[in-house]
Number of protein chains: 2
Amino acid sequence: MKKLLKIGELAKQAHVTVATIRYYESLHLLEPVSKAENGYRYYDDEAVTRLLFIKQAQTLQFSLAEIQQVFDVRKQGEPVCTLVKTLIDCKIATLEQEIQQATARKTMLETYRTSWAARPLDNPSDVKVCSLIEEVSLTLNRLEAI
Amino acid sequence: MKKLLKIGELAKQAHVTVATIRYYESLHLLEPVSKAENGYRYYDDEAVTRLLFIKQAQTLQFSLAEIQQVFDVRKQGEPVCTLVKTLIDCKIATLEQEIQQATARKTMLETYRTSWAARPLDNPSDVKVCSLIEEVSLTLNRLEAI
DNA sequence: GTAAACCCTGAGGTTGGCTTGAGAGTCAAC
DNA sequence: GTTGACTCTCAAGCCAACCTCAGGGTTTAC
């Protein structure tokens with residue numbers, strides 16, 4: 001039997017704050033293996049694994065709700081692989097979309113930047129609006145008119 | 001002199017809700033040209049342009065605070081191009097980072113998916129945790145150990 | 001034996017961009 | 001002259017993932 005960890009020790013090992021751990025508990029994502037009379041929470045090593053898993057899943061853009069789904073299914077004694085596969089497929093598709101959209105936005109911004117570089121500075125004494133903004137707005141108006 | 005618009009008419013033309021318009025006013029992003037005795041707001045066509053500009057800027061990931069910066073500089077009679085150029089450059093850099101990160105995440109997820117496909121389903125009667133999760137956790141533990 | 005460092009609960013705050021609701025006044029059409 | 005569509009203000013709620021604070025109790029190290 002290994003030594004149990006107090007919340008602060010767990011927090012250090014998993015590189016999170018104690019507040020985060022308590023927050024996860026409120027979401028039923030992580031429960032202490034025991035709670036002493038004085039109210040202190042005690043955790044085993046699995047808690048560290050669990051927290052690291054949560055953090056890894058988060059960097060992969062999984063929400064706490066999705067992570068909880070996985071844990072819930074697991075808790076019911078069912079294999080979670082099907083769910084995980086679905087989640088992964090879904091997330092990959094979402095990421096693809098996001099990459100496409102981000103790329104499109106970047107292209108648009110580069111276009112604006114180029115057209116901006118091609119024109120002189122607006123005359124400070126005669127500025128109603130940045131000419132770039134005018135252009136953007138006109139473009140939009142033309143789009144609206146279609 | 002063109003006809004002034006009531007808030008509902010403006011909302012329709014700019015494809016936003018009246019609540020949004022009032023919210024923007026609270027942020028000083030958009031003011032009515034006049035306010036009647038009964039409190040009704042009246043807008044000119046520039047308001048439509050302004051709203052469309054805001055929406056366009058938002059799709060390009062500009063925050064309302066950034067958009068307000070542009071309007072503020074413009075209000076002071078200064079050319080906003082320098083600011084806009086800075087913002088655009090900044091945003092392009094951010095987008096590049098985001099695209100890189102998203103791509104990295106996608107690659108990682110695809111790796112997980114592949115390694116998942118290569119193994120059989122976890123035995124439902126002997127499931128402590130999805131083997132994929134185990135693997136992720138083990139990977140992380142190894143990383144931690146370095 | 002005392003002071004620092006830890007732990008507890010519970011409530012409230014943060015960020016951004018809105019949305020919703022209550023309660024009331026106004027306007028246009030028939 | 002009334003119904004229904006519009007408008008107003010002010011306040012609160014929503015989402016996610018926490019963080020912070022108040023006001024305590026506990027443990028540990030010296």
Side-chain angles (χ1 to χ4, degrees), chain A residues 3-44 47 50-71 87 90-91 94 98, chain B residues 3-43 47 50-72 87 90-91 94 98:
Chain A
K3 191 195 154 213
L4 294 179
L5 303 166
K6 282 194 288 185
I7 195 168
E9 295 161 340
L10 173 59
K12 250 182 208 153
Q13 289 197 24
H15 306 291
V16 299
T17 68
V18 293
T20 299
I21 294 174
R22 283 197 277 250
Y23 172 62
Y24 287 173
E25 185 177 339
S26 79
L27 300 180
H28 309 291
L29 270 171
L30 177 69
E31 316 263 339
V33 285
S34 73
K35 217 163 174 182
E37 278 185 12
N38 56 17
Y40 281 28
R41 294 162 175 84
Y42 289 95
Y43 300 89
D44 57 14
R50 211 172 167 98
L51 279 174
L52 293 177
F53 174 71
I54 292 172
K55 286 299 157 193
Q56 168 70 353
Q58 278 187 313
T59 69
L60 294 173
Q61 307 281 77
F62 287 93
S63 69
L64 292 181
E66 287 167 331
I67 296 167
Q68 198 174 353
Q69 265 186 61
V70 176
F71 288 154
L87 286 174
C90 211
K91 200 61 67 180
T94 306
E98 278 177 18
Chain B
K3 192 195 153 215
L4 294 179
L5 305 165
K6 281 195 286 187
I7 196 167
E9 295 160 341
L10 173 58
K12 252 184 207 152
Q13 289 198 25
H15 306 290
V16 298
T17 68
V18 294
T20 299
I21 294 174
R22 282 197 277 251
Y23 172 63
Y24 287 173
E25 185 177 339
S26 78
L27 302 180
H28 309 291
L29 272 171
L30 176 69
E31 316 264 339
V33 286
S34 73
K35 216 162 175 183
E37 277 184 14
N38 57 17
Y40 280 28
R41 295 162 174 83
Y42 289 95
Y43 300 89
R50 210 171 167 97
L51 280 174
L52 293 178
F53 174 73
I54 292 171
K55 286 298 158 192
Q56 169 70 355
Q58 278 187 313
T59 67
L60 294 173
Q61 307 282 76
F62 287 93
S63 70
L64 292 181
E66 287 168 331
I67 296 167
Q68 198 174 353
Q69 266 186 60
V70 175
F71 288 153
D72 283 351
L87 286 174
C90 212
K91 201 62 66 181
T94 305
E98 279 176 19

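Naming: A, B, ... by sequence-line order, numbering from 1 per chain.
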Kindly write out the residues that satisfy side chain to side chain donor-acceptor pair (under 3.5 Å) with [X], not counting sequence neighbours, or none if the list is empty.
{"X": "Lys6(A)", "value": "none"}
{"X": "Ser34(A)", "value": "none"}
{"X": "Gln61(B)", "value": "none"}
{"X": "Lys35(B)", "value": "none"}

State which residues pass side chain to side chain contact (heavy atoms under 4.5 Å, CB included) with [X]; sequence neighbours excluded, sorted by chain then number.
{"X": "Lys12(B)", "result": "none"}
{"X": "Thr59(B)", "result": "Gln56(B)"}
{"X": "Thr94(B)", "result": "Glu98(B)"}
{"X": "Ala36(B)", "result": "Asn38(B), Tyr40(B), Tyr42(B)"}

Are any protein N/O atoms closer than 3.5 Å to N/O atoms in nucleotides 7-10 of chain D? If there are, list each pair with its distance.
{"unit_1": "dT7(D)", "atom_1": "OP1", "unit_2": "Gly8(B)", "atom_2": "N", "d": "2.7"}
{"unit_1": "dT7(D)", "atom_1": "O4'", "unit_2": "Tyr40(B)", "atom_2": "OH", "d": "3.4"}
{"unit_1": "dC8(D)", "atom_1": "OP1", "unit_2": "Arg41(B)", "atom_2": "N", "d": "2.9"}
{"unit_1": "dC8(D)", "atom_1": "OP1", "unit_2": "Arg41(B)", "atom_2": "NH1", "d": "2.9"}
{"unit_1": "dC8(D)", "atom_1": "OP2", "unit_2": "Arg22(B)", "atom_2": "NH1", "d": "2.2"}
{"unit_1": "dC8(D)", "atom_1": "O5'", "unit_2": "Arg41(B)", "atom_2": "NH1", "d": "3.3"}
{"unit_1": "dT9(D)", "atom_1": "OP1", "unit_2": "Lys35(B)", "atom_2": "NZ", "d": "2.8"}
{"unit_1": "dT9(D)", "atom_1": "OP2", "unit_2": "Arg41(B)", "atom_2": "NH1", "d": "2.9"}
{"unit_1": "dT9(D)", "atom_1": "OP2", "unit_2": "Arg41(B)", "atom_2": "NH2", "d": "2.6"}

Discussion item. For nucleotides 17-22 of chain D, give me one character per nucleotide, 5' to 3': B if any protein heavy atom sits under 4.0 Å from the base, S if the only such contacts are to the sugar-phosphate, - if neither.
Written reply: BBSB--
Worksheet item: Partners of Glu9(B) by salt bridge (Lys or Arg N to Asp or Glu O under 4.0 Å), sequence neighbours excluded?
Response: Lys3(B)
Worksheet item: chain A on DNA chain C: first and last contacting nucleotide, 5' to 3', under 4.0 Å to a heavy atom?
Response: dC6(C) to dT9(C)
Practice prompt. Answer yes or no: is there a donor N or O on one side and an acceptor on the other, between the side chain of Gln13(B) and the main chain of Leu10(B), under 3.5 Å?
Written response: no
